[in-house]
Amino acid sequence: MHILNLLVCPLCGASLSRTDKTLRCTAGHAFDIAKSGYVNLLPPGKEKNARTGDEREMVRAREEFLSLGYYSAITDALADAAAEFAPRDSYTVCDMGCGEGYHTCRFTGRLAERTHAEVLAIGFDASKYAAERGCKRAVRDGLMPKDGVGAPFEGTAGTYFMPGNIFRLPLADHSVNVALSMFAPVAGDEAKRVLTPDGVLIVVSSGKEHLLEMRQRIYDDVRLSDELPAVPDGFCEIARIHNRYTTEIQKTEHLMALFTMTPFYYKTTEAGRERLAAVGMPFALTVDVNYSIFGVA
Ligand SMILES: C[S@@+](CC[C@H](N)C(=O)[O-])C[C@H]1O[C@@H](n2cnc3c(N)ncnc32)[C@H](O)[C@@H]1O
Ligand SMILES: [Zn+2]
C-alpha cells in the first residue's frame, strides 16, 4: 500500500502523484512538500477552520513528556486492541488529531511487530508545528522517507504526518481500516466516510481516575467521572477496554511538562500550579484510560 493511493486532492477529490517536491492531482492542483516532509492539504481559506490546533508550548510539553515513556503502556494497549479486534494482513490507519506523533509512531511499530502485517499510518493534526515534529520523529524512527510524502520507501511499517482538519480529511472514501481518536475531538461522520465497511474506530478517552493525584493537588474539589464517548452515528460498540496503572513521576520538570499538555493547564490558578510544582518526588500518579472500539454499523 502506498500513501498516494490514500490521499486525494482537497480541491477536487482526484488522485495525487509526486514530481520533484510537489504533489499534483490529475486536474493540475499543486501542493508543495514542506522541508520536514509533510504536505499541507488544507484547502486555501480553510486553514483557519482547523486552527483549534495546540499552541507550540503544548506541543513541546507533549513531546517532552511522552518521550519519557510514562504513557507507553497507553499506546501498547491501543495497538494490542487493534490487533485483537481488527486482525488483518495489511493495515491502513488514520490518527485523527495525532498531536506530535509519539503515539502514532509507537502504535505503528507495535502493531507491525505483533501482527507481522504491513502498516501504513497517517496522522492529521490542526497544528502545522505538531505535524512537523511528527515528521521528524517518523524519519528518526525509520518510518518515513526523509524526502517526505510520496518519496520511495522500502519499509513495511510507515507513518506520515500532515496538517489537516479531522472534520474534512484529504483521504479517499473507504481508504483506511483503522481510525484512531486519542484524547481528541471525535469526528464520527468523517471516520465513517474514510473507513472501509469492515473497519474500526478506536476512541481513547480519560477514565475517572486519570491523573487523580495531580487533580487533587491543583483543585479543592475533584469530581470522578469518565469521559466516555457516545457511540457515533453509523457505528456500533464492539468492545470497551479499561486500562489503569500507577506510574512514578521521577522529576518535577516531568510533572510540569505533563501538566502543560493537559486541559488543566488553562483552568488552574497560580496557587494550584505552585502546589503542584512543590510536590515531593517520586510522585505516584494514576493513569486511567478507556478504549472504545466501534465497528461500522
Ligand atoms: C489533547 S491533544 C492529543 C494529541 C494526541 N492524540 C495524543 O494523545 O498525544 C488533541 C489534539 O487534537 C488536535 N485537534 C483539535 N481539533 C482538531 C481538528 N479540527 N482537526 C485536527 N486536529 C485537531 C489538537 O491540535 C491536538 O493536537
Ligand atoms: Zn485537484
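Remember, it's 1-based here, ligands and their atoms both numbered in the order they're listed. We use all heavy atoms of the structure for the numbers below, so side chains are in, but hydrogens, waters and symmetry mates are not.
Annotation: D125 places an N or O atom under 3.5 Å from an N or O atom of ligand 1; distance criterion only.
When each atom of ligand 1 is checked for a heavy atom of N165 under 4.0 Å away, the hits are 18 (C), 19 (N), 20 (N). Of all atoms in ligand 1, listed by their number and element, those nearer than 4.0 Å to a heavy atom of G164 are 20 (N), 21 (C). Those atoms of ligand 1 with a heavy atom of F183 less than 4.0 angstrom away are 1 (C), 2 (S), 3 (C), 8 (O), 10 (C). Heavy-atom proximity to A126, at under 4.0 Å, picks out these atoms of ligand 1: 20 (N), 21 (C), 22 (N), 23 (C). Those atoms of ligand 1 that come under 4.0 Å of a heavy atom in H103, given as number and element, are 7 (C), 8 (O), 9 (O). Close contacts between ligand 1 and M182 involve ligand atoms 3 (C), 5 (C), 6 (N), 8 (O) [criterion: under 4.0 Å to a heavy atom]. Close contacts of ligand 1 with P185, meaning ligand atoms under 4.0 Å from a residue heavy atom, involve 15 (C), 16 (N).
Each of D226, N243, I241 was scored for a side-chain contact (heavy atoms from CB on, under 4.5 Å) with N290, with one residue passing: D226.
A distance-only check finds a donor-acceptor pair linking the side chain of E100 to the backbone of Y102 [under 3.5 Å].
Looking at M214 and L285, their side chains come closer than 4.5 Å, going by heavy atoms from C-beta outward.
The residue from I74, V59, I166 that puts a heavy atom closest to atom 20 (N) of ligand 1 is I166. The heavy atom nearest to atom 6 (N) of ligand 1, considering only A184, G97, G99, is found in G97.
With a 4.0 Å heavy-atom cut-off, ligand 1 is reached by the side chain of R62 but not by its N, CA, C or O. Contacts between F167 and ligand 1, counted as non-hydrogen atom pairs separated by less than 4.0 Å, involve the side chain only. Within the 4.0 Å heavy-atom criterion, neither part of A130 lies near ligand 1.
From T22, atom OG1 reaches atom NE2 of H29 across 14.5 Å, with rounding to the nearest 0.5 Å.
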* To do: Show the numbers, then the answer: is there a ring pair (Phe, Tyr, Trp, His ring centres under 6.0 Å) between Y70 and F65?
  => CA-CA 8 Å; Y70 293 110; F65 178 78; 5.3 Å; yes

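At most 12 heavy atoms of other shown residues, nucleotides or ligands fall within 6.0 angstrom of atom NZ in K251.
One finds no salt bridge joining D288 and K208 here, because no Lys/Arg side-chain nitrogen approaches an Asp/Glu carboxylate oxygen to under 4.0 Å. In this structure, R193 pairs ionically with E190, as a charged nitrogen and a carboxylate oxygen lie closer than 4.0 Å. A salt bridge links D80 with R114: the distance from a Lys NZ or Arg NE/NH1/NH2 to an Asp or Glu carboxylate oxygen falls below 4.0 Å.
Note on H29: its N/O/S atom closest to the Zn ion (ligand 2) is ND1.
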